[in-house]
Amino acid sequence: MIGNRHRRRPRAASTGSISRPQVRLAALAVALALAGCAAGPEFREPPAPAVKAYRADALPAATVATQAPTGDAQRFLEGADVPARWWTTFSSDELDRRVDQALAHSPTIAAAQAALRQAQENTNAARGSLFPSVDAKVGATRGNSNGAAGATAGASTFSIYNAGVSVGYTLDLFGGVRRGIEAQSALTDFQQFQLRGTYLSLATNVATTSFREASLRGQIHAIEEIVDAYQKQLGLVEAQHEIGAKSLSDVLVIRTQVATTRAQLPALRQALAQTQTQLAVYLGHFPSEAELASVELDALALPRDVPVSLPSVLVRQRPDVRAAEAQLHQATAAVGVATANLFPQITLNGSLGSQALNADDLFSSGTKAWSIGANLLQPIFHGGSLRAQKRAAEAGLDKAAADYQTTVLTAFQNVADSLRALELDAENLKAQAEAEQSAEHSLELVRTQYKDGAASYLQVLDATRQYQQARIGLIQARAARLSDTAALYAALGGGWQGDARKVAAVNPTTESR
C-alpha cells in the first residue's frame, strides 16, 4: 500500500490539483508582488525650463563705468557660481560681522530650524508604520462570584492576574503607508529648503539694510554740510544788514533757506534710527542692546565680477523653487494615499499571554494562552467621501503644479529684473556723477560772480540747492548699485545651490545644534 500511495501522487499532480504548500507559496508571492506596488502617480523631478537666457535682449559683457566712487564697471560672468558667503564681496568687516551674527542669533533662524526638526521627527514616526507594533500588558482584576471555578471553598472574592504581549501589523499591499511616509518626507524637504531660504533672506535683508543705513548717513552728512554753509552765509548777510549794506528781505530769504534745508534732517534721522533698530532685530538683539559700528558708503566696495548662473541650473539653486518642488512631491504622494484608501486593508494580529489566580502562577503550566488572526477591511460605502478625498488630492496636485510653475516664473523674473537694475544703476550713477560735478562747478561760478557783483544772492541760493539735490542723488545712486547687487545674489539663490554643507559652512553654530 505504501508503494501504491507513492505511485498515486504523480497521477494526482498531473490532474491539476495543488498542494497546500504551493498555495501558501503562491499567496505569499502575490502578497509580495502587491507590496512592491504603490497606488497613485510616481513623482518625477520637474525638468529645468528650456530657456537659454533671462532677458529677451542680450546681456552686456559689463556695465558702464564712471570716475565717481562706486562707479566701477561690473562684468557679468555667465555660468559662474555665486559664492556661498557672497556678502564678503563688499569688503566690509562690519557687514560680515552683522550677517554672521544674524545667522547665529536670529529667532527666525531658530524657528525654521525647529520646524525642520519637527518635520524630521514626524517622518521618523511615519516610518514606524512599516514595522509591526508590539505591546506588553500586565493587569490584575478583583472580582466577586460565588461560583468562581478554582476559587477557595467558601470564598466569594478572588483576584485574576494576566500578562501578555500582543503584536499587530498592517500589510501595506497598495502602498498607502509608504505614500504617507513619502508625503511626510517631502514635507521634511520643504522645511529644509525653507530653512535655507530663511538664511538667504536674512543675509540679504542685513546687507540691504546696512546699505540703506550707509546711504542715510551720507545724506545726513551732506545736508549738515550745506546747512553749515548756509549758516555761515546767513551770519555775513545779517552783519551786512546791520550796517545797511543788505536789506531785511535778503536776510529773510537766507533764513528761510536755512530753515528749509534743516527741516530735512529730522525725517532722515528718524529713518536712520528705524534702520538701526531693524538691524538690531535682524541680529537677534533688543534695540537698546545692539552694538552697531557705523557703515559708511566709502568703506563699501562694489563687486566688479558678478556671477550669473545659467538658466538651466537656477531652479536647483533657488530655495523657494526647491521648496515648491517639495510641495509638489508631497501633493503627488497625497494622491497615492487617497487612492490606496479605496482598496482593502489587511491587518495581522497575534497575542501570547498568561492568566492565573495568583501572580506567582503566571506563565506556569496550564496558564498560557495565544491567539493569531487576520482582519480584512474592504471599503464598501462611505457616502462618496473616499472618492471625494481622492479628487480633492488630485486637485491639490494640480494646484501644487501651478504654484511650482509660478515660483519658477517669478525666479526668472527676479533675475531678469536684477540684471536690468544693475545695468541701469550704472547708467544712473554716471548721470548723477556728471550732474553733481556740473552743479558743483555752477555753484563755484555763481559764487565768484556774486563776489564780483555780477550775480544776485538768489542765484547763489538756487545754485546751492541744485548742488544739494545732485549730491544726495549721487549718494542714493551709489547705495542702489550695492543693494541691487545683493538682490541679484539673492535672486540667483545665494550660492548655496541646495548643498547643506555650504549652509553649515555659513553658519556652523546653528547647524550643529
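Within the 4.5 Å cutoff, no side-chain heavy atoms of Phe90 are placed close to those of Val295. With a 4.5 Å cut-off on side-chain heavy atoms, Phe76 and Pro307 do not count as touching. Looking at Gln113 and Leu195, their side chains come closer than 4.5 Å, going by heavy atoms from C-beta outward. The closest side-chain heavy-atom distance from Leu488 to Trp86 is not below 4.5 Å. For the pair Thr275 and Leu216, the minimum side-chain heavy-atom distance is below 4.5 Å. Residues Val258 and Arg255 have side chains not in contact (no heavy-atom distance under 4.5 Å, counting atoms from C-beta outward).
Minimum heavy-atom separation, Ala214 to Leu300: CB-CD1, 4.3 Å. Across all their heavy atoms, Tyr450 and Ser456 have their closest contact at CD1-C, 3.8 Å. When all heavy atoms are compared, the tightest approach of Ala323 to Phe193 is N-CB, 3.8 Å. Pairing each heavy atom of Val321 with each of Ala411, the nearest pair is CG2-CB, 4.0 Å. Closest of all the heavy-atom pairs between Gly284 and Pro107 is CA-CD, 4.1 Å. Minimum heavy-atom separation, Ser309 to Val82: OG-CG2, 4.2 Å.
Between the side chains of His285 and Gln101, at least one donor N or O lies within less than 3.5 Å of an accepting N or O. Between the side chains of Thr123 and Ser185, not a single donor N or O lies within less than 3.5 Å of an accepting N or O. A donor atom on one side chain and an acceptor atom on the other are found under 3.5 Å apart for Gln231 and Arg262. Between the side chains of Ser294 and Arg217, no donor-acceptor pair is found at a separation under 3.5 Å.
Panel note: side chain Ser442, backbone Ser438; no donor-acceptor pair is recorded below 3.5 Å. For the pair Arg179 (side chain) and Ala39 (backbone), a donor-acceptor distance under 3.5 Å is present. In terms of modelled atom types and a separation under 3.5 Å, the side chain of Ser210 and the main chain of Val206 share a donor-acceptor contact. When atom types are taken as modelled, the side chain of Asn205 and the backbone of Ser201 share a donor-acceptor pair closer than 3.5 angstrom. A donor-acceptor pair is defined here as one N or O able to donate and one able to accept, closer than 3.5 Å; such a pair exists between the side chain of Thr198 and the backbone of Gln194.
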Check against salt bridge (charged side-chain N to carboxylate O under 4.0 Å, His left out), Asp425 and Lys430: CA-CA 9 Å; Asp425 284 345; Lys430 183 177 181 180; over 6 Å; no
Worked verdict on Leu265 versus Ile220 for side chain to side chain contact (heavy atoms under 4.5 Å, CB included): CA-CA 6 Å; Leu265 290 173; Ile220 291 173; 4.2 Å; yes
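Remark: Glu325 engages Arg316 in a salt bridge, criterion side-chain N to carboxylate O under 4.0 Å. Salt bridge annotation for Glu444-Arg447: absent, with no cationic side-chain nitrogen under 4.0 angstrom from a carboxylate oxygen. Salt bridge annotation for Arg322-Asp189: absent, with no cationic side-chain nitrogen under 4.0 angstrom from a carboxylate oxygen. Under 4.0 Å is where a charged nitrogen must lie from a carboxylate oxygen, and between Lys232 and Asp228 no such pair does. Salt-bridge check for Glu213 with Arg98: passed, with a basic side-chain N closer than 4.0 Å to an acidic carboxylate O. Salt-bridge annotation for Glu394 and Lys390: present, with a side-chain N of the basic residue lying under 4.0 Å from a carboxylate O of the acidic one.
One finds the OG1 atom of Thr88 at 10.5 Å from the CG atom of Asp93 (value rounded to the nearest 0.5 Å).
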Could you go through residues 462-485 and list every donor-acceptor pair under 3.5 Å that involves a side-chain atom there, pairing it with any protein atom two or more places apart or in another chain?
{"from": "Asp462", "atom 1": "OD1", "to": "Arg465", "atom 2": "NH2", "distance (Å)": "2.8"}
{"from": "Asp462", "atom 1": "OD2", "to": "Gln466", "atom 2": "NE2", "distance (Å)": "3.3"}
{"from": "Thr464", "atom 1": "OG1", "to": "Val460", "atom 2": "O", "distance (Å)": "2.8"}
{"from": "Arg465", "atom 1": "NH1", "to": "Gln257", "atom 2": "OE1", "distance (Å)": "3.4"}
{"from": "Gln468", "atom 1": "NE2", "to": "Gln264", "atom 2": "OE1", "distance (Å)": "3.2"}
{"from": "Arg471", "atom 1": "NH1", "to": "Glu225", "atom 2": "OE1", "distance (Å)": "2.7"}
{"from": "Arg471", "atom 1": "NH2", "to": "Glu225", "atom 2": "OE1", "distance (Å)": "2.7"}
{"from": "Gln476", "atom 1": "NE2", "to": "Gln219", "atom 2": "OE1", "distance (Å)": "3.4"}
{"from": "Arg478", "atom 1": "NE", "to": "Thr70", "atom 2": "OG1", "distance (Å)": "3.0"}
{"from": "Arg478", "atom 1": "NH1", "to": "Asp298", "atom 2": "OD1", "distance (Å)": "3.3"}
{"from": "Arg478", "atom 1": "NH2", "to": "Thr70", "atom 2": "OG1", "distance (Å)": "3.4"}
{"from": "Arg478", "atom 1": "NH2", "to": "Asp298", "atom 2": "OD1", "distance (Å)": "2.9"}
{"from": "Arg481", "atom 1": "NH1", "to": "Thr70", "atom 2": "O", "distance (Å)": "3.0"}
{"from": "Arg481", "atom 1": "NH1", "to": "Asp72", "atom 2": "O", "distance (Å)": "3.0"}
{"from": "Arg481", "atom 1": "NH2", "to": "Thr63", "atom 2": "OG1", "distance (Å)": "3.3"}
{"from": "Arg481", "atom 1": "NH2", "to": "Asp72", "atom 2": "O", "distance (Å)": "3.1"}
{"from": "Ser483", "atom 1": "OG", "to": "Ala479", "atom 2": "O", "distance (Å)": "3.2"}
{"from": "Thr485", "atom 1": "OG1", "to": "Gln74", "atom 2": "NE2", "distance (Å)": "3.2"}
{"from": "Thr485", "atom 1": "OG1", "to": "Arg481", "atom 2": "O", "distance (Å)": "2.7"}

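By the neighbour-count criterion of 12 heavy atoms within 6.0 Å, atom CZ of Arg55 is densely surrounded, having more than that number from other residues, nucleotides or ligands.
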